[in-house]
Trainee: 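Let me begin by handing over the structure; questions about it come next.
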Amino acid sequence: MSAVAEPDLGYSRTEMMIAASARGLEGATNCFVGVGLPNIVCNLAQRTVALDLQLVYESGVFGAKPERLPLSIGDPTLATGATAITSMFELFAFYLQAGLIDVAFLGGAQIDRFGNLNTTVIGPYDAPKVRLPGSGGACEIAIHARHILVIMRQAERSFVDRLDFRTSPGHSGDPAHDAARGWHGTGPTSVVTDLGTYGFDDATGEMTLITLHPGMTLDDVRANMGWEPKVSPDLGETPAPTPEELRLIREELDPRGVYAK
Amino acid sequence: MSAVAEPDLGYSRTEMMIAASARGLEGATNCFVGVGLPNIVCNLAQRTVALDLQLVYESGVFGAKPERLPLSIGDPTLATGATAITSMFELFAFYLQAGLIDVAFLGGAQIDRFGNLNTTVIGPYDAPKVRLPGSGGACEIAIHARHILVIMRQAERSFVDRLDFRTSPGHSGDPAHDAARGWHGTGPTSVVTDLGTYGFDDATGEMTLITLHPGMTLDDVRANMGWEPKVSPDLGETPAPTPEELRLIREELDPRGVYAK
Amino acid sequence: MSSKVTTMRDAVADLVRDGDTVAIEGFTHLICFAAGHEIIRQRKRDLTLARMTPDVIYDQMVAGGVASKLIFSWLGNPGVGSLHAIRRRIEDHDPEPLEIEEYSHFGMVCRYVAGASNLPFFPIRSYYESDIPTVNPKILPMTSPYDDATEVYVVPPLRPNVSIVHAQRADASGDAQIWGLLGCQKEAAFAGERVMVVCEEVVEESVIRQDPNRTVIPGVVVDAVVEEPFACHPSFAQGYYDRDNAFYLQWDRIARDPETLATWLKEWVFDLGTHADYREKWGAAHWDALRPGDAMSGEVNYGRYA
Amino acid sequence: MSSKVTTMRDAVADLVRDGDTVAIEGFTHLICFAAGHEIIRQRKRDLTLARMTPDVIYDQMVAGGVASKLIFSWLGNPGVGSLHAIRRRIEDHDPEPLEIEEYSHFGMVCRYVAGASNLPFFPIRSYYESDIPTVNPKILPMTSPYDDATEVYVVPPLRPNVSIVHAQRADASGDAQIWGLLGCQKEAAFAGERVMVVCEEVVEESVIRQDPNRTVIPGVVVDAVVEEPFACHPSFAQGYYDRDNAFYLQWDRIARDPETLATWLKEWVFDLGTHADYREKWGAAHWDALRPGDAMSGEVNYGRYA
């Protein structure tokens with residue numbers, strides 16, 4: 001990404017991302033959790049804005065109560081003490097495809113202005129410059145989870161005008177088309193980056209900057225995306241992480257600073 | 001049925017049916033068990049000709065070891081001590097439809113000369129004279145179990161020239177057609193009645209009398225079926241139940257004579 | 001998590017509406033007779049009753065006048081014989097006709113799986129050369145998209161307005177654990193628009209969390225939890241009580257005669273207020289006689305990863 | 001029942017043939033690395049390796065030269081990053097090309113379900129407006145037989161020539177019990193033409209029969225049973241040992257450099273005769289450090305009905 005100085009605000013840009021993302025889970029009943037940041041985000045939300053949030057993992061776990069920060073979506077700490085463990089067939093068929101999943105986190109190597117995501121390949125599919133992991137469950141999660149929250153660090157090469165490959169569908173750019181899809185999911189609801197937070201415009205489905213994180217500027221945003229960003233007329237500032245949010249992240253959720261440093 | 005005198009042979013006609021059916025399980029590895037007589041038959045076979053026979057129940061039990069004679073295919077004694085219990089979806093999809101079932105028992109209110117079975121209705125479907133239970137699993141069992149053994153008391157109204165309703169397919173009468181079906185099942189292999197035992201002719205798929213039970217005559221058979229029976233040129237006599245078979249039936253399997261009397 | 005625990009009376013009043021499609025599932029095991037009795041008692045009307053095996057419970061409900069249609073795959077008193085009240089409605093329209101829609105067992109199971117999975121159809125290799133599709137136009141043939149020569153049949157999803165399933169134990173959120181025969185309890189619960197879990201015991205959430213692989217139905221699909229011991233009688237609950245086979249045999253006699261049946265319904269359903277009255281009327285000795293011996297599962301270790 | 005218990009060496013020699021499609025399944029949990037190492041050691045060739053998540057084990061096998069094709073849905077070192085040996089083959093054809101065929105997770109799972117069920121296709125609501133079907137012609141759109149406006153995609157059955165699944169325990173006939181994450185162990189086992197069950201412990205049949213609902217794979221589909229403790233390392237076996245995350249991180253470093261990787265394979269696979277040698281080489285302290293504390297399931301009562 002274009003160099004954006006790390007402002008000395010008493011917290012890292014990653015901590016800001018985590019706190020802002022967790023607030024997006026207010027009111028959520030359950031969340032399909034990915035590994036890494038979404039995992040901390042969900043655990044933070046469980047302790048702040050969504051006390052009854054049930055953690056769902058594509059590995060087949062519903063209602064996980066991890067005693068330690070899971071190292072992957074298949075950590076044994078997710079199984080012990082969970083509410084239910086099911087086959088992956090049932091997790092995807094009976095929970096996800098059936099429309100029981102409220103919120104899911106997705107990310108990717110590339111995102112476009114409509115929230116379409118690429119986790120498959122950089123360059124041509126048959127002659128890849130970089131071979132990425134592929135869909136995993138992302139393709140069906142994007143279609144069936146009622147709300148999609150995207151958490152991604154921002155850079156010109158990842159916020160692109162045109163994806164090299166569309167792994168997971170976002171908005172189409174035609175809201176009438178989107179409404180007629182008949183999917184459970186309403187597509188991406190928000191994008192949280194290390195620079196700001198975005199919503200999606202109801203009329204066009206386009207990503208729209210809603211708040212800048214403290215210390216970030218519109219120029220920082222422009223320098224780190226491949227299209228001219230749409231900006232909310234009410235552009236505001238993201239509230240900084242609270243002391244309690246920072247305490248939870250640093251002392252309880254990621255004491256070794258693996259993810260949040 | 002037309003009255004056939006119960007000959008005084010030291011065993012009942014039902015006991016003869018049970019013993020003859022059990023011998024048909026020689027070499028079988030597993031058997032889809034129905035309630036009633038097939039249940040005693042399988043338990044007898046486990047003690048005589050098929051020591052490793054695994055009992056499978058459509059209720060989702062594989063490898064049952066009932067401590068008492070089950071009262072239905074869903075008796076709790078089938079679950080306790082079984083090898084595996086599975087959902088009915090998996091029992092039908094992963095075991096039966098996948099071709100893992102070696103032998104299954106079927107019966108019905110009507111059978112025709114090709115082993116097609118009616119368990120649905122006597123009279124017209126929309127204005128039934130007698131409403132029968134319907135298929136249960138019989139329709140798919142008939143298609144997927146590698147061998148079908150039929151056990152039925154013989155009578156003119158049940159061994160009919162023309163079924164009122166074909167619930168479960170048997171042979172079509174055209175062996176070339178049958179071979180091209182691509183089903184796991186080879187269709188009905190034998191029929192054991194209280195009068196004799198039948199096979200099915202390779203060239204025509206037609207039911208053929210192979211043995212008469214002791215004391216029974218060809219006239220008894222003719223009087224109790226709705227078509228002129230095909231008779232094997234080697235027509236023989238069914239060996240009578242052995243003392244050990246009778247002891248097992250009377251003392252271990254059905255001491256109260258509920259089924260075998 | 002807020003508690004969903006309520007009484008059978010309130011759960012039926014809240015969840016079951018006239019005209020609904022209702023599935024009380026349980027394959028021989030865990031058939032919730034108590035819920036059926038409460039539906040009769042509350043004089044629900046015009047229900048479509050779905051069940052693989054209508055069993056004695058639907059014979060009672062059909063006799064009780066709550067149903068106008070049956071969806072099923074095997075219509076009998078298991079191990080005993082016929083369901084006489086249902087047969088009278090089908091064969092003689094006595095006292096009125098009963099619409100039927102029938103499948104094979106696998107077809108019914110796959111209807112629930114499709115309903116639970118939000119699939120518009122489910123393919124199975126069944127019904128070949130059977131007359132069943134000729135009397136049920138919802139069962140359709142199709143060829144495989146990969147191979148025109150491969151034919152399957154499809155069944156449509158079944159999404160009951162209300163699914164009622166019994167479990168040995170559940171917590172107050174509705175996370176339910178079942179052992180022994182599973183039938184299609186899970187599929188029916190996930191397929192239901194509204195779901196009632198009845199159980200022998202409401203237990204602490206910690207009991208459920210000790211053995212998460214035992215959980216068959218998660219609370220996320222459950223609307224109401226009712227604790228009702230012996231609610232499956234004369235059916236059984238593995239490890240809790242045996243099937244009351246004498247009653248299944250008795251029912252054959254009761255149901256043969258419409259008047260005897262009406263008397264039975266009055267005495268055992270309408271004149272009782274709750275299933276607790278039913279338990280008391282049978283008496284403690286009856287329940288004691290149905291208790292099995294012990295056959296413990298043993299424990300496994302999930303491991304503590306802290 | 002005759003015993004199917006054998007050694008890893010004999011099981012791999014008997015069941016895995018050059019050119020086979022092999023699935024070593026296990027979603028993060030119960031990934032049988034020991035079987036992968038034995039396949040490398042026996043220099044099997046031209047295998048198509050199927051797995052939802054190729055993980056470090058397929059990076060090792062691909063580097064070991066056994067594979068010409070991958071079928072998968074997520075290609076990475078979970079929680080760490082890339083699989084470098086596989087990426088070199090795909091991106092740079094180094095040392096030779098590697099064919100790939102990819103799905104989403106749900107697509108892969110349903111391929112196994114179709115294979116396990118003898119279904120010619122499986123319908124799912126996925127792949128809408130995704131580019132995945134454009135690069136995988138086996139994923140086809142179709143409309144519902146009930147409603148032309150409802151589109152689904154179908155995936156074809158996957159029937160591996162050999163499925164290798166790990167379980168916590170199994171009896172000598174192959175009846176296998178698993179707790180914790182189930183992944184698609186059951187579906188992969190039922191889908192396999194030949195099936196190897198590897199387990200932490202071979203137990204008496206009576207242990208299995210005490211808790212039949214815990215049985216995930218029945219012996220009827222199993223050809224060989226291998227007892228091999230810690231066979232999943234660096235993956236984990238719930239209740240037996242933890243994931244060795246340090247090794248997953250280490251692998252990132254090892255696999256980045258082909259020479260370092262070749263040295264690792266020589267030292268840890270080719271120069272060892274068996275997984276017992278591997279266990280010994282790591283040493284007892286390593287295994288002790290991976291043992292979790294206890295978290296017992298509690299028991300349930302199936303009841304004795306005699």
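Order of the sequence lines fixes the chain letters, A, B, ..., with proteins taken first and strands second; residue numbering starts at 1 for each chain. Only this structure's heavy atoms are used, side chains among them; waters, hydrogens and symmetry mates stay out.
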Trainee: Does any backbone or side-chain atom of D:Met52 lie under 4.5 Å from a heavy atom of chain A? Answer side chain, backbone, both or neither.
Mentor: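 The side chain, not the backbone.
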Trainee: If you check every heavy atom in residues 90-121 of chain A against those of chain D, which residues fall under 4.5 Å?
Mentor: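 So the qualifying residues are A:Phe92, A:Ala93, A:Gln97, A:Thr120.
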Trainee: Where does D:Ile124 contact chain A at under 4.5 Å (heavy atoms): side chain, backbone, both or neither?
Mentor: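 D:Ile124 touches chain A through backbone and side-chain heavy atoms alike.
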Trainee: Please identify, among D:Gly183, D:Ser235, D:Gly76, D:Ala295, the residue contributing the most non-hydrogen atom pairs under 4.5 Å to chain A.
Mentor: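 Maximum pair count with chain A is reached by D:Gly183.
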Trainee: Which atoms of D:Glu91 are under 4.5 Å from chain A, going by heavy atoms: the side chain, the backbone, both sets, or neither?
Mentor: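 Its backbone and side chain both get close to chain A.
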Trainee: Ignoring hydrogens and angles, state whether a donor on the side chain of A:Tyr125 or D:Glu102 is under 3.5 Å from an acceptor on the partner side chain.
Mentor: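 Looking only at side-chain atoms, D:Glu102 and A:Tyr125 do form a donor-acceptor pair, the distance falling under 3.5 Å.
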Trainee: Under a 4.5 Å cutoff for heavy-atom pairs, which residue among A:Ala79, A:Pro169, A:Ser87, A:Pro76 has the most contacts with chain D?
Mentor: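 Winner by heavy-atom pair count: A:Pro76.
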Trainee: How long is the straight-line distance from CZ of D:Phe122 back to CZ of A:Phe89, given to the nearest 0.5 Å?
Mentor: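 Those atoms lie 4.0 Å apart.
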Trainee: If you measure from CG on D:Asp131 to CG on A:Asp164, what distance do you get to the nearest 0.5 Å?
Mentor: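 It is 10.5 Å, given to the nearest 0.5 Å.
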Trainee: Quick one: of A:Val130, A:Ile141, A:Asp75, who has the most non-hydrogen atom pairs under 4.5 Å with chain D?
Mentor: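 Looking at each of A:Val130, A:Ile141, A:Asp75 in turn, A:Val130 comes out on top.
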Trainee: If you define the side chain from C-beta out and look only at heavy atoms, does anything of A:Ile73 sit under 4.5 Å from D:Phe27?
Mentor: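 A:Ile73 vs D:Phe27: side chains touch.
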Trainee: With rounding to the nearest 0.5 angstrom, report the CZ to CD1 distance, D:Phe106 to A:Ile143.
Mentor: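 Atom-to-atom, D:Phe106:CZ and A:Ile143:CD1 are 11.0 Å apart.
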Trainee: Using non-hydrogen atoms and a 4.5 Å limit, figure out which bit of D:Tyr128 sits close to chain A: side chain, backbone, both or neither.
Mentor: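 For D:Tyr128, heavy atoms of backbone and side chain both lie under 4.5 Å from chain A.
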Trainee: Is any side-chain heavy atom of A:Ser59 less than 4.5 Å from a side-chain heavy atom of D:His29?
Mentor: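 Sidechains of D:His29 and A:Ser59: no contact.
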Trainee: Surrounding CG of D:Asp288 (heavy atoms of other residues, nucleotides or ligands, distance under 6.0 Å), is the total greater than 12?
Mentor: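 Counting other residues, nucleotides and ligands, CG of D:Asp288 exceeds 12 neighbours.
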Trainee: Output yes when a side-chain donor or acceptor of A:His144 lies under 3.5 Å from a complementary backbone atom of D:Arg125, and no otherwise.
Mentor: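 A pair under 3.5 Å: yes.
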Trainee: Does anything in residues 72-95 of chain D form a ring pair (Phe, Tyr, Trp, His ring centres under 6.0 Å)? List the pairs, not counting sequence neighbours.
Mentor: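 Applying ring pair (Phe, Tyr, Trp, His ring centres under 6.0 Å) to every pair that reaches into residues 72-95 of chain D, excluding sequence neighbours, yields nothing.
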Trainee: Checking D:Tyr241 against chain A: side chain, backbone, both or neither under 4.5 Å from a heavy atom?
Mentor: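 The answer is neither part of D:Tyr241.
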Trainee: Hey, which residues of residues 110-119 of chain D are touching chain A, say heavy atoms under 4.5 Å apart?
Mentor: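 Hits under 4.5 Å: D:Cys110, D:Val113.
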Trainee: Distance from A:Leu78 atom CG to D:Leu181 atom CG, nearest 0.5 Å?
Mentor: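 So the CG of A:Leu78 and the CG of D:Leu181 are separated by 7.0 Å.
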Trainee: Search all heavy atoms of D:Gly180 against all heavy atoms of A:Ile85 and return the closest pair with its distance.
Mentor: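 Nearest heavy atoms, D:Gly180 then A:Ile85: O-CG2, 3.4 Å.
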Trainee: Between D:Leu182, D:Val135, D:Val109, which shows the greatest number of heavy-atom pairs under 4.5 Å with chain A?
Mentor: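 The candidate making the most pairs under 4.5 Å is D:Val135.
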Trainee: Before accepting this row, confirm whether a basic side-chain N of the pair A:Arg131/D:Asp92 lies closer than 4.0 Å to the acidic partner's carboxylate O.
Mentor: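 The answer is no: the pair does not qualify as a salt bridge.
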Trainee: If I measure from the heavy atoms of chain A, does D:Glu129 come under 4.5 Å with its side chain, its backbone, both, or neither?
Mentor: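 D:Glu129 touches chain A through backbone and side-chain heavy atoms alike.
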Trainee: Between A:Glu140 and D:His105, do the side chains contain an N or O donor and an N or O acceptor separated by less than 3.5 Å?
Mentor: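 Distance-only check fails for A:Glu140 and D:His105.
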Trainee: If you count heavy atoms of other groups shown closer than 6.0 angstrom to NZ of D:Lys69, is the number above 12?
Mentor: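 Yes, enclosed.
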Trainee: Quick check on the structure: residues of residues 170-190 of chain A within a heavy-atom distance below 4.5 Å of chain D, by number.
Mentor: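 Against chain D, the residues of residues 170-190 of chain A that fall inside the cut-off (heavy atoms, under 4.5 Å) are A:Ser172, A:His177, A:Arg181, A:Trp183.
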Trainee: Which one, A:Pro133, A:Ser168, A:Gly74, A:Ala142, leads in non-hydrogen pairs under 4.5 Å with chain D?
Mentor: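 If we count pairs closer than 4.5 Å to chain D, A:Pro133 comes out on top.
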Trainee: Output the distance between atom OG (A:Ser135) and atom CE (D:Met108), rounded to the nearest 0.5 Å.
Mentor: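 These two atoms lie 12.0 Å from each other.
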Trainee: Which pair of non-hydrogen atoms, one from D:Ile132 and one from A:Thr167, has the smallest distance, and what is that distance?
Mentor: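 In this case the closest contact between D:Ile132 and A:Thr167 is CD1-O, 4.0 Å.
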Trainee: So with a 6.0 Å cut-off around CZ of A:Arg68, is the heavy-atom count from everything else above 12?
Mentor: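 Counting neighbours around CZ of A:Arg68, more than 12 heavy atoms of other residues, nucleotides or ligands fall under 6.0 Å, so yes.
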